[in-house]
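Throughout, a chain's letter reflects where its sequence line sits, starting with A, and its residues are numbered from 1.
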Amino acid sequence: MDIQALKQEQTTRAAEVVRADDFDVMPPRYIAGADVGFEQGGEVTRAALVLLEYPSLKLIEHRVARIATTMPYIPGFLSFREYPALLAAWEQLEQKPDLLFVDGQGIAHPRRLGVASHFGLLVDVPTIGVAKRRLCGKFEPLGDEPGSRQPLIDKGEQIGWVLRSKKRCNPLFISPGHRVSNDTALHWVETCLQGYRLPEPTRWADAVASNRPAFARLGIPL
DNA sequence: GCGACAG
DNA sequence: ATCTTGTCGC
């Protein structure tokens with residue numbers, strides 16, 4: 001693969017990302033979570049999509065898609081590695097969500113096209129990037145209290161928020177994916193918090209994509 | 001040149 | 001991401 005060509009594509013596509021709120025439904029009726037895992041030493045990519053009903057936040061649909069892995073992991077180019085499997089799972093989803101949480105960055109990316117933004121553009125759905133670690137940007141130290149937050153800044157602009165979602169846990173890196181603003185992205189993530197570090201949509205998608213025992217026990221087929 | 005670096 | 005049990009701390 002040609003890294004320079006991919007960079008060019010990112011720059012071009014990033015210009016199409018809508019950073020303002022553009023909801024057709026407010027509040028959303030369905031919020032989905034997306035995550036990707038790997039099998040067979042990385043040869044197979046497994047994408048999971050879970051659909052929750054709002055405001056109950058109950059799981060009402062889940063889909064898993066598997067495809068042959070096409071690209072290695074390269075920091076800054078994660079979306080090219082993950083979106084094919086995510087698209088496959090998306091097509092299987094019977095009820096499309098009004099808002100989608102994607103595991104990874106949104107615009108908090110060197111060229112403003114993290115996987116949440118890239119995938120949001122591809123399926124034209126409002127998305128929010130929820131990452132467990134930082135890719136780029138700087139931020140002031142956070143307080144120890146849950147709810148403590150700091151803006152994530154890069155090249156003079158706010159690209160997201162750093163949020164302490166739970167006591168004694170590392171913070172979350174939240175950024176707009178597509179058709180969502182910085183503040184709205186933070187708002188919906190906080191609204192979906194239920195006592196765990198990760199918001200419900202992401203927590204379920206994470207568990208399903210990573211084949212966590214808790215889900216195997218519930219008899220959910222992967 | 002050196003360090004950082006989503007999943 | 002993934003390989004993997006118990007264990008320390010709140």
| said: Side chains of A:Asp21 and A:Ser181 only: does a donor on one sit below 3.5 Å from an acceptor on the other? | reply: yes
So that I can tick it off, tell me whether A:Arg197 and A:Asp206 are bridged by a salt bridge, with the cut-off set at under 4.0 angstrom between side-chain N and carboxylate O. no
Hey, are A:Gln10 and A:Arg111 close enough side-chain-wise for a donor-acceptor pair under 3.5 Å?
-> yes
Please confirm whether A:Phe80 and A:His118 have ring centers closer than 6.0 angstrom. yes
Per-nucleotide protein contact along nucleotides 3-10 of chain C, 5' to 3', at a 4.0 Å heavy-atom cut-off (B base, S sugar-phosphate only, - neither), is -------B
ask   = For the side chain of A:Ser175 and the backbone of A:Gly160, is there at least one donor-acceptor N/O pair under 3.5 Å apart?
value = no
Under a 4.0 Å heavy-atom criterion, the protein footprint on nucleotides 2-7 of chain B, written with B, S and -, is --SBBB
Quiz item: So does A:Lys138 have more than 12 non-hydrogen atoms from other groups sitting under 6.0 Å from NZ?
Solution: no
Applied to residues 161-171 of chain A, the salt bridge (Lys or Arg N to Asp or Glu O under 4.0 Å) test, sequence neighbours excluded, yields none
